[in-house]
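The structure appears below as structure tokens.
Whatever order the structure lists them in is the order used to number ligands and atoms, beginning at 1.
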Amino acid sequence: MPTTILVAGGAGYIGSHTVKYLLKNNYNVVVVDNLVYGHKEAVLTPNFEQIDLADKSALDRVFKKYKIDAVIHFAAFTYVGESVVDPKKYYWNNVVNTLNLLDVMIENNVKNIVFSSTCATYGNPQYTPLDENHPQNPINPYGKTKLMMEQIMADYEEAYGLKYAALRYFNAAGADFQGELGECHDPETHLIPIVLKAIKGDIPNIKVFGTDYDTPDGTCIRDYIHVEDLADAHMLALEKIFKDNKSIHINLGTGIGTSVKEIIQAAEEVTGQKVPLVYVGRREGDPAILYASNNKAKELLNWTTKYMDIKEIIKTAWLWEKGDKFKSNKDYLTVN
Ligand code: UFG
């Protein structure tokens with residue numbers, strides 16, 4: 001089993017929770033993050049290097065200094081809308097910089113990587129639940145960058161013996177149940193934190209994007225998966241590819257669909273407060289229904305989701321939202 005794991009993007013939302021989980025499971029963890037969107041306070045290992053993946057020689061120094069055994073790679077830009085208006089930002093960061101990371105891995109004979117992919121690689125669903133064999137036709141540059149990397153890694157497996165786990169997340173949600181870590185995006189675009197911010201009065205209201213979808217209550221349905229369940233799956237996936245020496249592609253979701261209105265209702269029940277909201281038109285590019293088949297994750301990884309109830313997930317997010325937040329990432333912005 002690997003003992004020293006490099007976590008690229010370990011100061012971000014899912015990355016920081018995974019670092020905490022790995023440390024709890026006695027792994028030695030090294031974080032690299034450029035802190036463009038990440039938060040230094042979220043890095044729970046002393047082994048932290050503020051570098052950008054564009055800087056190959058700095059990355060190489062980190063691999064040599066810590067004798068890295070395996071990599072978990074979260075570092076990417078993830079705003080779907082922004083990727084449409086500024087695709088070069090996404091191709092350079094999510095593709096070119098990941099190629100740098102793979103180069104350095106190969107040069108240092110590190111062969112195992114767990115990669116953050118996304119359900120956005122599937123594009124508009126032809127059927128639900130989405131399983132891993134669903135055709136991959138991403139409809140935005142963000143999804144395309146993730147699919148490209150899956151395809152590139154498949155070629156690298158053939159040519160260089162790279163072994164990878166491509167983990168296709170559905171909607172990451174919730175926070176560390178101890179309230180130490182949480183979701184802190186700037187700008188925030190995700191439904192649950194926006195709903196909670198509206199309850200707190202940080203923003204005047206939440207805009208519900210579309211009420212005329214072909215769903216039971218007319219609002220979009222998504223699969224909200226708790227960030228700690230994601231963290232667990234990363235560790236299990238890494239151990240699996242190490243043990244079997246075989247690459248894998250796996251969906252990570254609960255298999256349960258929850259509508260926007262159901263999220264709002266659950267948040268009201270958890271907090272005991274009304275959510276101020278306005279109904280507006282559809283947001284471009286939002287499919288009506290997305291939820292995962294997670295059978296493969298359960299079978300291959302022996303993974304079980306601890307947080308199945310959306311109210312439990314929202315409770316953890318609320319605990320975080322009410323507590324002390326990280327400073328704005330701009331306070332730490334030293335690399336562009
Ligand atoms: N929504 C609102 N109002 C808001 C924000 C969101 O009504 O202010 C709705 C959206 O229309 C959508 C649902 O809430 O129906 C969830 O939206 P999020 O923005 O929280 O999440 P997405 O499903 O759009 O995005 C997720 C991941 C992306 C990934 C995408 C793939 O966060 O990384 O799924 O479709 F690319």
Inset, instruction - Enumerate the atoms of ligand 1 whose separation from the nearest heavy atom of C220 is less than 4.0 angstrom. - result: 15 (O)

Inset, instruction - Do me a favour and list the nearest non-hydrogen protein atom to atom 21 (O) of ligand 1 with residue, atom name and distance? - result: N171 ND2, 3.1 Å

Inset, instruction - Could you tell me whether K64 atom NZ has more than 12 heavy atoms of other residues or ligands within 6.0 Å of it? - result: yes

Legend entry - Identity and separation of the nearest protein heavy atom to atom 31 (C) of ligand 1: A120 CB, 3.6 Å

Inset, instruction - Check T254 against M308 and note the closest heavy-atom contact, atom names and distance. - result: O-CE, 4.0 Å

Inset, instruction - State plainly whether the residues K40 and D33 are in salt-bridge range, i.e. N to O under 4.0 Å. - result: no

Inset, instruction - Return the residue, atom name and 0.1 Å-rounded distance of the protein heavy atom closest to atom 32 (O) of ligand 1. - result: H190 NE2, 3.0 Å

Legend entry - V208: numbered ligand 1 atoms lying under 4.0 Å from its heavy atoms: 7 (O)

Inset, instruction - Could you verify whether a donor N or O on one side chain and an acceptor N or O on the other, from E82 and Y90, lie under 3.5 Å apart? - result: yes

Inset, instruction - Kindly state whether the ring of Y21 and the ring of H17 have centres lying under 6.0 angstrom apart. - result: no

Legend entry - Separation of L162 CG from D155 CG (nearest 0.5 Å): 11.0 Å

Legend entry - Proximity flag Y122 to ligand 1, non-hydrogen atoms under 4.0 Å: no

Inset, instruction - Among all protein heavy atoms, pick the one closest to atom 11 (O) of ligand 1 and tell me residue, atom and distance. - result: D286 OD2, 2.6 Å

Legend entry - Side chain, backbone, both or neither: Y169 near ligand 1, heavy atoms under 4.0 Å: neither

Legend entry - Close approach of I263 to ligand 1, heavy atoms, under 4.0 angstrom: no

Inset, instruction - For atom 9 (C) of ligand 1, decide whether some protein heavy-atom distance is shorter than 4.0 Å. - result: yes

Inset, instruction - Of the side chain and backbone of I206, name the one, both, or neither that has a heavy atom under 4.0 Å from an atom of ligand 1. - result: side chain

Legend entry - F209 N/O to ligand 1 N/O under 3.5 Å: yes

Legend entry - Taking atom 36 (F) of ligand 1 as the reference point, the nearest protein heavy atom with its distance: Y142 CE2, 3.1 Å

Inset, instruction - Pull out every atom of ligand 1 sitting under 4.0 Å from any heavy atom of V80, numbered as shown with elements. - result: 36 (F)

Inset, instruction - Would you mind checking which non-hydrogen protein atom is closest to atom 16 (C) of ligand 1, with the distance to 0.1 Å? - result: Y224 OH, 3.5 Å

Inset, instruction - Under 4.0 Å, heavy atoms only, figure out whether ligand 1 is touched by the backbone of T219, its side chain, both or neither. - result: neither

Legend entry - Check: N251 side chain, K296 main-chain N or O, donor-acceptor pair, under 3.5 Å: no

Inset, instruction - Check each of T118, T78, T189 against atom 5 (C) of ligand 1 and report the one with the nearest heavy atom. - result: T189

Legend entry - Part of L191 with heavy atoms under 4.0 Å of ligand 1, whether side chain, backbone, both or neither: both

Inset, instruction - Locate the shortest heavy-atom distance separating I192 from Y224; write the atom from each residue and the value. - result: CD1-CD2, 3.8 Å

Inset, instruction - Note the single closest protein heavy atom to atom 35 (O) of ligand 1, along with its residue, its atom name and the distance in Å. - result: L290 CD1, 3.7 Å

Legend entry - Part of R283 within contact of ligand 1 (heavy atoms, under 4.0 Å): side chain

Inset, instruction - Taking all non-hydrogen atoms of both residues into account, name the closest pair between L238 and A70 and its distance. - result: CD1-CB, 3.8 Å

Legend entry - Remaining members of the apolar cluster that contains V96, side-chain heavy atoms under 4.5 Å: W92

Inset, instruction - Using a 4.5 Å cut-off on heavy atoms from C-beta on, say whether the side chain of P204 contacts that of V278. - result: no

Legend entry - Location of contacts on K207 toward ligand 1, heavy atoms closer than 4.0 Å: backbone

Inset, instruction - May I ask you to say whether K306 pairs ionically with E228, meaning some side-chain N is under 4.0 Å from a carboxylate O? - result: no

Legend entry - Pair K200 + D202: basic N to acidic O under 4.0 Å: yes

